[in-house]
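Here is how names work: the chains are called A, B, and so on, in the same order as the sequence lines, proteins then strands, and each is numbered from 1.
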Protein chains: 2
Amino acid sequence: MAQVCPKLSREEERRVPMASTNGDRRPKYQRIADTLREAIQAGEYGPGDRLPGENDLMATHDVARMTARQALGVLQAEGIAESRKGAGVFVRAFRPLRRRGIQRLAQEQWGAGRSIWAADTEKRDLVVDQVEVTEEPAPERISVVLDVEAESKVCVRRRRFVLDGKPVLLATSYLPAPIVAGSAITEENTGPGGVYARLAELGYKPVHFREEIRSRMPSKDEAAQLNISAGTPVILICRTAFADEGRPVEINEMTLDAASYVLEYDFDA
Amino acid sequence: MAQVCPKLSREEERRVPMASTNGDRRPKYQRIADTLREAIQAGEYGPGDRLPGENDLMATHDVARMTARQALGVLQAEGIAESRKGAGVFVRAFRPLRRRGIQRLAQEQWGAGRSIWAADTEKRDLVVDQVEVTEEPAPERISVVLDVEAESKVCVRRRRFVLDGKPVLLATSYLPAPIVAGSAITEENTGPGGVYARLAELGYKPVHFREEIRSRMPSKDEAAQLNISAGTPVILICRTAFADEGRPVEINEMTLDAASYVLEYDFDA
DNA sequence: TAGTGGTCTAGACCACCTC
DNA sequence: AGGTGGTCTAGACCACTAC
């Protein structure tokens, strides 16, 4: 008997189904998560609505606390739900920014004195929140791509962007220190047209770009800086800007809150 | 006293630190996760190595089973560790495919009779695993973009791609049924050059593409079809192909295992 | 067969939020 | 003040893996 019989009815519930429908072999917490997920997709709970809490689920499904928690944990890990301490678990929404990868870097944008970030916002309020400009020895991956000597100095520009009070983007740019020395690129405010306009003035006009895109779960640090909730990945964009003759002049490593962005690339065959 | 004293030494461990370093307010499971994470980043555990198991952590950190589990759960949710039932928890690796978004769709690719997927693989073994071709009423989001009447028939091509035995990509294409009727596009095998070469023959040569990219955690179904492990997001690519005069002729919705892909877009300023 | 992770129970204390 | 989620304990049975 042992621990087998604190509640026989409950144990039987697990042993019998094999005989009947058989399809009941999945763990309880997953079945609970399924019913909630289906209810959400059926529209019974809309974005922002409160889901049944741990106590509700314990009662309605006759399970222990941890099991109800596990079920809610599944939905949070899927990014479908979001818990607020002391308040409850709620259905999440998804209203992303659209980032046009190619048009935004067309020369008309920065050539005309507008920051390329302006193309992002479509009247929404995306602003720089934190800026830090330093000179540092180049990390290996940077020196390799920029084609400078290992450990040689690079200008590093770190910025954070905030949309409606929520941080959505971290960007770190690396430029060879010798070619930007003394220019506005080493200032917090780079002036009209931004870094690329200044590079053009210095004789390193960017004519070609490469963007590499990955996605993964955020590190602890990234999650903190972007205030990312559980179950939300980050998108990593690594952009390299090339001047004439394929000379790489800037690397921009960006970390985006995946729940805040849709990337768009438009191109001809 | 109450439950406060099953092991005083343990409780004190939580109360005292406030006086000393104060910085010990974080939950135990996070501190355990931190030490493991740091050990991994310091190279003490390389990709594929086995991490200390639940029993190890219970012993070395003097915690209960569930707490050790929570710690390991953190690393799995971050995608840096992976559990294998009955075996242990292991450090994950990351060796992605490179998908060149623009060159691969340059007309030389499919114009010369090669599948565009060939450009992906770099000699690696990416093959189609499952194909399904049907005719269905267009879902709303599709009929809107394809500019056909709601519910009108579309040709739907569903495929799954496998790399070295692991599924990495689900792709579903939608094309207006009237313009592809009778062509090889409605067959499982579309012939040399694939769908785009056939469209060209039908007078709908794709001349422009738009790709939209998002990322999120996989649905249950996606996780199953891609055999995705916990803590790994999916990348969603929605590509629209346009023929002359901006006529949309195909929508391809793709779901990628984010741990298997890097996307690349190359373009001029 | 011994060890591993996966699931589950039945309690507990806490910080936090809402009322 | 009462309810909520967050953390934690100390057990248990199971399926699976490796030897």
Side-chain angles (χ1 to χ4, degrees), chain A residues 1-15 17-18 24-34 36 49-59 61-77 81-90 229-231, chain B residues 1-15 17-18 24-34 36 49-59 61-77 81-90 229-231:
Chain A
M1 281 292 168
Q3 181 255 16
V4 181
C5 51
K7 270 198 177 177
L8 255 186
S9 63
R10 198 172 294 173
E11 287 305 317
E12 280 185 308
E13 191 191 328
R14 300 193 67 194
R15 305 254 152 97
M18 196 171 71
D24 224 347
R25 311 194 66 71
R26 312 247 320 293
K28 286 185 187 181
Y29 76 94
Q30 283 194 20
R31 276 181 277 155
I32 298 174
D34 288 349
L36 287 174
D49 285 358
R50 183 176 180 281
L51 293 173
E54 298 174 357
N55 294 335
D56 299 291
L57 295 179
M58 287 170 67
H61 291 86
D62 187 30
V63 293
R65 184 99 195 288
M66 287 304 303
T67 307
R69 266 185 83 67
Q70 260 184 300
L72 291 169
V74 168
L75 302 185
Q76 293 176 58
E82 183 175 33
S83 70
R84 291 206 284 274
K85 218 186 314 186
V89 182
F90 300 83
S229 51
Chain B
M1 282 288 172
Q3 180 258 15
V4 181
C5 52
K7 269 196 177 178
L8 255 185
S9 63
R10 198 172 295 172
E11 286 307 316
E12 279 184 310
E13 189 192 326
R14 300 194 65 193
R15 303 258 151 95
M18 197 171 69
D24 225 347
R25 309 194 67 72
R26 313 249 317 293
K28 286 185 187 181
Y29 76 94
Q30 284 194 19
R31 276 181 278 154
I32 298 173
D34 288 349
L36 288 174
D49 284 359
R50 183 177 180 280
L51 293 172
E54 298 174 357
N55 294 334
D56 299 291
L57 296 178
M58 288 169 69
H61 291 86
D62 188 29
V63 293
R65 183 101 194 289
M66 286 305 302
T67 307
R69 267 185 82 69
Q70 259 184 301
L72 291 170
V74 168
L75 302 184
Q76 293 176 56
E82 182 176 33
S83 70
R84 290 206 284 273
K85 217 187 315 184
V89 181
F90 301 82
S229 50

- Taking C-beta and beyond as the side chain, do A:R26 and A:D34 meet within less than 4.5 Å on heavy atoms? yes

_With heavy-atom distances below 4.5 Å as the criterion, would you say the side chains of B:M66 and A:M66 are in contact?_
yes

Interatomic distance where [atom1] belongs to [X] and [atom2] belongs to [N] [whole Å]:
X	N	atom1	atom2	answer
A:Y29	C:dC8	OH	C1'	11 Å
A:D56	D:dG5	CG	P	8 Å
A:L51	D:dT4	CG	C1'	14 Å
B:R50	C:dG5	CZ	C1'	10 Å
B:R69	C:dG5	CZ	C1'	6 Å
B:R65	D:dT7	CZ	C1'	17 Å
B:N55	D:dA10	CG	P	15 Å
A:M66	D:dA12	CE	P	18 Å

What's the closest nucleotide to the [X] side chain, out of [options]?
X	options	value
A:P27	D:dG5, C:dC8, D:dC8	C:dC8
B:A64	C:dT9, D:dT7, D:dT9	D:dT9
B:Q30	D:dT7, C:dT4, C:dG5	D:dT7

Check side chain to side chain donor-acceptor pair (under 3.5 Å) between [X] and all other residues, then give those that pass, not counting sequence neighbours.
X	result
A:R50	none
A:N55	none
B:R84	none

Is any side-chain nitrogen or oxygen of B:T67 closer than 4.0 Å to OP1 or OP2 of D:dT7? no

message: Please confirm whether the shortest side-chain N or O distance from A:S83 to OP1 or OP2 of D:dT4 is below 4.0 Å.
response: no

Show each protein N/O and nucleotides 16-19 of chain D N/O combination with a separation under 3.5 Å, one pair to a line.
from, atom 1, to, atom 2, distance (Å)
D:dT17, O4', B:G86, O, 3.4

Those residues at least two apart in sequence (or on a different chain) that pass side chain to side chain contact (heavy atoms under 4.5 Å, CB included) with B:A81 are B:L51, B:L75, B:Q76, B:V89

Sorted by chain and residue number, the side chain to side chain contact (heavy atoms under 4.5 Å, CB included) partners of B:Q70 (sequence neighbours excluded) come out as B:Y29

